[in-house]
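Reviewing the structure listed below.
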Amino acid sequence: MSAWSLETHGSVAVLAFGRPPENFIDFAALLQLGDLLESCATDLEEVSLVVLASRTDGYFINHADVADLVKAGDGMATPEELGSWSRALRLLEEIPQPTVAAIDGLASGGGNELALACTVRIGSERARLEQPEVTVGIIPGGGGSVRLPRLVGPGLAAEAILTGRPFGAEEAVRAGWLTMLLPEDDFLGNVLRWCDGVAAAPVKALSHAKISIVQGSRMTFEEAQRLELTLFRDVAASSEALRQQNPLSGSHG
């Protein structure tokens with residue numbers, strides 16, 4: 001049985017991970033995730049947003065399967081398996097669709113790193129996020145020590161990584177680790193309702209906005225401005241944009 005299920009809700013694709021009892025993620029599941037993300041990327045006309053969720057109560061995605069870490073350390077993992085982490089993380093950041101991590105429970109280690117690679121992180125009141133690798137004698141290997149400082153600042157990221165302590169939902173929101181909190185009751189339904197509002201926008205505008213946000217965050221201010229202008233000109237010239245009648249009417253932007 002696949003660790004991932006794929007369901008579509010309108011133009012929102014939900015990839016839900018289930019590997020009970022504790023949702024540890026292994027090479028096989030990462031390879032499946034990469035395949036699913038690549039499939040979504042080629043279906044831009046039908047899929048506007050991609051949500052990562054869980055089918056195991058109390059967990060989002062836990063850390064990497066220890067057996068895989070041992071396998072990699074012993075030189076027994078295949079090149080495809082060794083590349084599965086970087087591939088999945090890259091795709092979460094680079095597929096055209098904005099990606100949303102729906103965190104209803106524990107996101108630990110590699111699971112938190114997958115959430116960090118998403119465009120938006122939405123938590124329930126019982127969300128807990130942690131990067132605990134240092135406490136067991138290793139360091140994050142999936143971008144945790146790179147993406148988290150850029151998100152919450154180097155000081156707070158250092159404290160989170162060096163202590164490995166869990167951050168509760170409210171603290172994570174205050175830090176900017178989580179984008180927002182939604183009620184735990186019918187959590188995935190609440191996430192999907194938020195996604196529906198986003199998905200109502202033209203697809204090209206969503207994808208270009210994601211490119212500007214993700215790629216621009218890695219550039220100097222001047223480079224990011226040039227990228228934004230290039231993307232703006234492209235989407236403004238599209239027939240999709242031109243079909244909108246007074247799209248900013250009543251706005252104050």
Side-chain angles (χ1 to χ4, degrees), residues 14-17 22-25 30 33 37 49-54 56-64 85-86 88-95 97-136 138-184 187-188 190-192 194-195 198 209-210 212-218:
V14 178
L15 309 182
F17 182 62
E22 296 179 281
N23 257 26
F24 295 116
I25 191 160
L30 285 162
L33 175 59
L37 290 170
L49 272 82
V50 176
V51 175
L52 293 193
S54 171
T56 303
D57 186 55
Y59 293 90
F60 171 62
I61 300 170
N62 212 334
H63 58 72
W85 273 104
S86 58
L89 293 162
R90 175 181 57 79
L91 287 166
L92 285 169
E93 286 191 325
E94 295 183 3
I95 63 172
Q97 298 91 341
T99 50
V100 178
I103 305 172
D104 183 24
L106 178 65
S108 179
N112 179 63
E113 289 172 318
L114 289 168
L116 289 174
C118 289
T119 318
V120 175
R121 285 154 300 284
I122 301 176
S124 74
E125 291 93 335
R126 63 176 183 169
R128 291 179 296 131
L129 301 96
E130 62 181 21
Q131 206 69 61
E133 290 87 349
V134 168
T135 65
V136 295
I138 57 176
I139 68 169
S145 60
V146 178
R147 291 186 179 90
L148 189 58
R150 286 162 169 75
L151 194 65
V152 306
L156 187 59
E159 192 244 336
I161 292 167
L162 296 177
T163 67
R165 73 172 179 89
F167 280 59
E170 292 186 1
E171 184 179 14
V173 167
R174 290 196 299 270
W177 196 333
L178 284 176
T179 311
M180 70 186 81
L181 290 184
L182 292 177
E184 179 184 334
F187 174 67
L188 185 56
N190 291 323
V191 171
L192 289 173
W194 182 87
C195 288
V198 175
K210 177 182 176 178
S212 186
I213 292 165
V214 173
Q215 294 188 16
S217 68
R218 300 169 180 165

When rounded to the nearest 0.5 Å, the distance separating CZ of F17 from CD1 of I25 is 4.5 Å
Taking every heavy atom of G111 against every heavy atom of F60, the minimum-distance pair comes out as O-CE2, 3.6 Å
With rounding to the nearest 0.5 Å, note down the distance linking CG in L151 to OG in S217.
-> 10.0 Å
Nearest-0.5 Å distance, CZ of residue R128 to CG of residue D104 = 11.0 Å
Can any side-chain N or O of E133 pair as donor or acceptor with the backbone N or O of I138 at less than 3.5 Å?
-> no
Looking only at heavy atoms, which two atoms of L89 and G142 are closest? And how far apart?
-> CD1-O, 3.2 Å
Over all atoms of both residues, closest heavy-atom pair of E170 and L181 = CG-CD1, 4.2 Å
Does the distance from a Lys or Arg side-chain N to an Asp or Glu carboxylate O, for K210 and E94, drop under 4.0 Å?
-> no
Does any non-hydrogen side-chain atom of E93 lie less than 4.5 Å from one of Q215?
-> no
Might you point out which heavy atoms bring F187 and A102 nearest each other, and give the distance in Å?
-> CE2-C, 3.7 Å
Minimum side-chain heavy-atom gap L92-T119 below 4.5 Å | no
Backbone N/O of V50 and side chain of T99: donor-acceptor pair under 3.5 Å = no
What's the verdict on side-chain contact (heavy atoms from CB on, under 4.5 Å) for L15 and V51, showing C-alpha distance, side-chain angles and the deciding distance?
-> CA-CA 6 Å; L15 309 182; V51 175; over 6 Å; no
Using atom types as modelled and distance alone, determine if a side-chain donor or acceptor of E125 lies under 3.5 Å from a backbone N or O of E184.
-> yes
Kindly indicate whether the side chain of F167, heavy atoms from C-beta on, has any atom under 4.5 Å from the side chain of E130.
-> no
Please lay out, stage by stage, how Q131 and L116 fare under the test side-chain contact (heavy atoms from CB on, under 4.5 Å).
-> CA-CA 11 Å; Q131 206 69 61; L116 289 174; 4.3 Å; yes
Between T135 and P132, is there a donor-acceptor pair closer than 3.5 Å when you use the side chain of the first and the backbone of the second?
-> yes
How far apart are the closest heavy atoms of I161 and S145, and which atoms are they?
-> CD1-CA, 3.6 Å
Below 4.5 Å, heavy atoms only, C-beta onward: do L129 and L178 meet side chain to side chain?
-> yes
Over all heavy atoms of both residues, which pair between A175 and L156 is shortest? Give the atoms and the distance, please.
-> CB-CD2, 3.3 Å
Under 3.5 Å: donor-acceptor pair, side chain of N190, backbone of L182 = no
Are any of the side-chain heavy atoms of L52 and I103 separated by less than 4.5 Å?
-> no
Does the side chain of V100 reach to within under 4.5 Å of the side chain of R121, using non-hydrogen atoms?
-> no
In this structure, SG of C118 is separated from CD of E113 (nearest 0.5 Å) by 12.5 Å
Looking only at atom types and distance, does a side-chain atom of R165 sit under 3.5 Å from a main-chain N or O of E159, one as donor and one as acceptor?
-> no
Partner set under side chain to side chain donor-acceptor pair (under 3.5 Å) for Q97, not counting sequence neighbours | none
Separation between CZ of F24 and OG1 of T56, rounded to the nearest 0.5 Å | 11.0 Å
Taking NZ, NE, NH1 and NH2 as the nitrogens, is one of them in R126 or D57 under 4.0 Å from a carboxylate oxygen of the other?
-> yes
Which distance, rounded to the nearest 0.5 Å, do you find between the CH2 of W85 and the CZ of R90?
-> 15.0 Å
Is a side-chain N or O of T179 found less than 3.5 angstrom from the main chain of V120, in a donor-acceptor match?
-> no
